[in-house]
2 protein chains.
Amino acid sequence: MYNYMSLKDHVYEYISKGIQKGTLKSNDKLNEQEISRELNISRTPVREALIQLAAEGLLISEPRKGFRVKPLTLKEAKDLYQIVGHLEAMAAVLALDQISPEDISRMERLKGDMDEAINAHVFDKYYKLQVEFHNIYLSKCGNDELINILKLLKKRFIRQGYSGRDPEGLSEIFKETNRQHGEMIELFKKKDSAQLEKYIKEVHWDIKYAALDVV
Amino acid sequence: MYNYMSLKDHVYEYISKGIQKGTLKSNDKLNEQEISRELNISRTPVREALIQLAAEGLLISEPRKGFRVKPLTLKEAKDLYQIVGHLEAMAAVLALDQISPEDISRMERLKGDMDEAINAHVFDKYYKLQVEFHNIYLSKCGNDELINILKLLKKRFIRQGYSGRDPEGLSEIFKETNRQHGEMIELFKKKDSAQLEKYIKEVHWDIKYAALDVV
DNA sequence: TTCCCGCTTTTTGTATACAATATATATAAA
DNA sequence: TTTATATATATTGTATACAAAAAGCGGGAA
């Protein structure tokens with residue numbers, strides 16, 4: 001059996017998705033019994049999932065009170081952005097020697113697709129493409145722990161989709177971030193590691209963008 | 001009740017310490033029933049602790065097989081060292097403006113104490129002092145998430161004490177790392193952020209030291 | 001009203017029970 | 001002897017049960 005998923009894992013996905021989609025909001029209480037009723041399972045796997053989610057920073061656990069969705073404050077989002085920026089920069093520098101011409105082409109193609117998505121105002125599509133873009137160099141950095149940590153950290157500030165937000169404002173911001181993707185491609189081509197590191201850290205993951213993820 | 005600890009938390013500490021002290025070694029199987037017998041509790045809090053430990057990277061979980069102590073390979077230790085190096089460097093730079101003359105004095109005092117500990121071959125003492133030293137600037141970096149992440153990461157490669165290892169070899173290495181602590185103090189004094197970052201990242205957390213933590 | 005106290009209900013934390021899978025053992029065939 | 005197969009045992013995953021603490025509620029006192 002290849003991808004066996006325990007009930008705990010299902011609950012994990014369920015809550016996780018709820019936080020991302022925005023159905024679960026900051027500070028929302030997670031009632032174990034309620035969840036077990038919703039999924040027609042017992043409380044045991046529910047509690048196990050909640051403990052895991054708390055360990056990963058998505059929930060906070062208050063002894064004898066229960067679990068709540070960890071609120072993402074602006075301060076916390078900025079802190080996370082800063083960390084992610086540093087680690088992404090590190091990954092890019094590590095990947096620099098492993099990036100193939102095909103990787104560069106894929107990045108360029110993705111940049112084009114992203115522009116289309118932005119113009120069409122399909123922001124969830126843009127989001128997915130952007131993940132793919134970053135994953136190209138992450139997957140070549142050679143540091144598996146780094147890849148994992150970044151995945152967990154990013155999970156913490158990606159909440160709810162972009163629906164119901166000002167499309168023009170988002171467009172402007174994403175046009176700029178995608179322009180930055182272009183710059184990054186250039187730096188990869190030039191193999192300018194110092195500039196690449198600085199650019200990713202200080203420009204692309206500038207904490208001013210953190211506000212975007214705070215709900 | 002201030003520091004309420006659930007049974008789950010006790011198990012967490014128990015296993016956690018076991019890994020650090022070396023009584024639990026890489027790939028050791030964790031039998032839930034056995035642990036619950038040892039601590040005179042039921043399996044429920046045991047499982048909860050194991051899940052949390054797996055989420056934090058200390059254990060690995062194999063579906064329907066159970067939990068094992070995650071082996072720390074040289075590759076993994078190096079990967080973690082590299083990440084910690086980058087994040088420590090980041091923290092130091094962030095802390096630079098917040099470091100007071102008193103902090104510097106404390107660091108200098110600690111450096112002296114560490115030299116004493118090394119000369120007396122009391123390496124566990126050195127270890128504790130060194131943690132305290134690094135915590136001085138970490139606590140002033142202003143990024144709480146960073147502090148947390150570093151704590152978790154370090155937990156993963158600190159295994160078993162230094163007893164039963166060549167004291168002369170350890171002495172030599174620690175003398176050098178403590179000399180580096182001195183260099184760091186100088187850079188803090190000079191407020192030379194670029195050099196400080198580079199030094200911590202490339203010298204103090206050089207991956208060649210990773211081998212020290214692999215058992 | 002507002003605050004406080006005691007009672008009831010809910011919810012968490014833990015123990016126990018049981019089903020399903022994995023592991024170990026024994027037996028038989030090559 | 002080795003390999004394969006059947007059976008017994010141990011272990012995990014999940015459900016249920018229960019005790020202890022927290023939250024909710026109603027009635028009085030200020």
Side-chain angles (χ1 to χ4, degrees), chain A residues 1-19 23-71 152 156, chain B residues 1-19 23-71 152 156:
Chain A
M1 199 171 254
Y2 296 100
N3 269 44
Y4 165 79
M5 289 242 303
S6 62
L7 291 186
K8 180 207 77 178
D9 296 330
H10 280 282
V11 178
Y12 178 93
E13 291 288 324
Y14 180 69
I15 306 292
S16 207
K17 290 239 161 59
I19 294 174
T23 38
L24 280 169
K25 292 193 222 137
S26 287
N27 283 313
D28 276 2
K29 177 87 201 301
L30 296 164
N31 186 309
E32 298 173 10
Q33 200 161 260
E34 197 178 318
I35 296 167
S36 63
R37 265 199 306 267
E38 283 165 19
L39 301 178
N40 282 311
I41 58 178
S42 78
R43 271 179 58 218
T44 310
V46 173
R47 274 185 68 83
E48 293 183 347
L50 295 181
I51 286 166
Q52 185 176 336
L53 286 158
E56 293 177 4
L58 286 170
L59 305 180
I60 51 179
S61 148
E62 290 168 306
R64 296 210 173 279
K65 296 281 214 73
F67 295 85
R68 297 201 333 265
V69 176
K70 182 162 178 177
L152 283 175
R156 287 178 56 187
Chain B
M1 203 170 249
Y2 296 99
N3 268 42
Y4 166 79
M5 290 240 306
S6 63
L7 291 186
K8 180 206 77 178
D9 296 329
H10 280 283
V11 178
Y12 178 92
E13 292 288 324
Y14 180 69
I15 306 292
S16 204
K17 290 239 161 60
I19 295 174
T23 37
L24 281 169
K25 294 195 220 131
S26 287
N27 282 313
D28 276 2
K29 176 91 201 302
L30 295 165
N31 186 310
E32 299 173 8
Q33 199 161 258
E34 196 179 317
I35 296 167
S36 64
R37 264 200 306 265
E38 283 165 17
L39 301 178
N40 282 309
I41 59 178
S42 79
R43 271 180 58 219
T44 309
V46 172
R47 272 184 70 82
E48 293 183 348
L50 295 181
I51 286 165
Q52 185 176 337
L53 286 159
E56 293 177 4
L58 286 170
L59 305 180
I60 52 178
S61 147
E62 290 168 306
R64 298 213 172 275
K65 298 278 214 76
F67 295 84
R68 297 200 334 265
V69 176
K70 183 162 177 177
L152 282 175
R156 288 178 56 189

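These figures come from a predicted structure and were not determined experimentally. In what follows, every chain begins at residue 1, and chains take the letters A, B, ... in the order their sequences are listed.
- For DNA chain D, the neighbouring residues in residues 48-68 of chain B, judged by any heavy atom under 4.0 Å, are B:P63, B:R64, B:K65, B:G66.
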Please walk me through it: do B:V69 and B:N27 pass side chain to side chain contact (heavy atoms under 4.5 Å, CB included)? CA-CA 5 Å; B:V69 176; B:N27 282 313; over 6 Å; no
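- Not counting sequence neighbours, the partners of A:S6 by the side-chain hydrogen bond (donor to acceptor under 3.5 Å, both in side chains) test are A:D9.
- When all heavy atoms are compared, the tightest approach of A:A49 to A:Y12 is CB-N, 3.7 Å.
- With sequence neighbours left out, the salt bridge (Lys or Arg N to Asp or Glu O under 4.0 Å) criterion links A:E34 to no other residue.
- Counting only distance, with no hydrogens or angles, the side chain of B:S16 and the backbone of B:E13 share no donor-acceptor pair below 3.5 Å.
- When all heavy atoms of B:L7 and B:P45 are compared, the pair lying nearest together is CB-CB, 3.8 Å.
- The two atoms that bring A:E56 and A:R156 nearest to each other are O-CD, 3.5 Å, heavy atoms only.
- Two end axes, each from the C1' atoms of five base pairs, can be drawn for the helix from C:dT1-D:dA30 to C:dA30-D:dT1; they diverge by 20°, to 10 degrees.
- Protein chain B contacts DNA chain D from D:dT11 to D:dT14, reading 5' to 3' and using non-hydrogen atoms of the protein with a distance under 4.0 Å.
- Counted within 6.0 Å of NZ on A:K17, heavy atoms from surrounding residues, nucleotides or ligands total 12 or fewer; the atom is thus considered open.
- Among the protein residues, A:T44 comes within range of the nucleic acid bases, having at least one heavy atom under 4.0 Å from a base atom.
- Nearer to the 5' terminus of DNA chain D, by closest-nucleotide assignment, is the contact made by B:N31 (compared with the other of A:I41 and B:N31).
- A:R68 meets the salt bridge (Lys or Arg N to Asp or Glu O under 4.0 Å) test with A:E62; sequence neighbours excluded.
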Worked verdict on B:V46 versus B:L39 for side chain to side chain contact (heavy atoms under 4.5 Å, CB included): CA-CA 9 Å; B:V46 172; B:L39 301 178; 5.6 Å; no
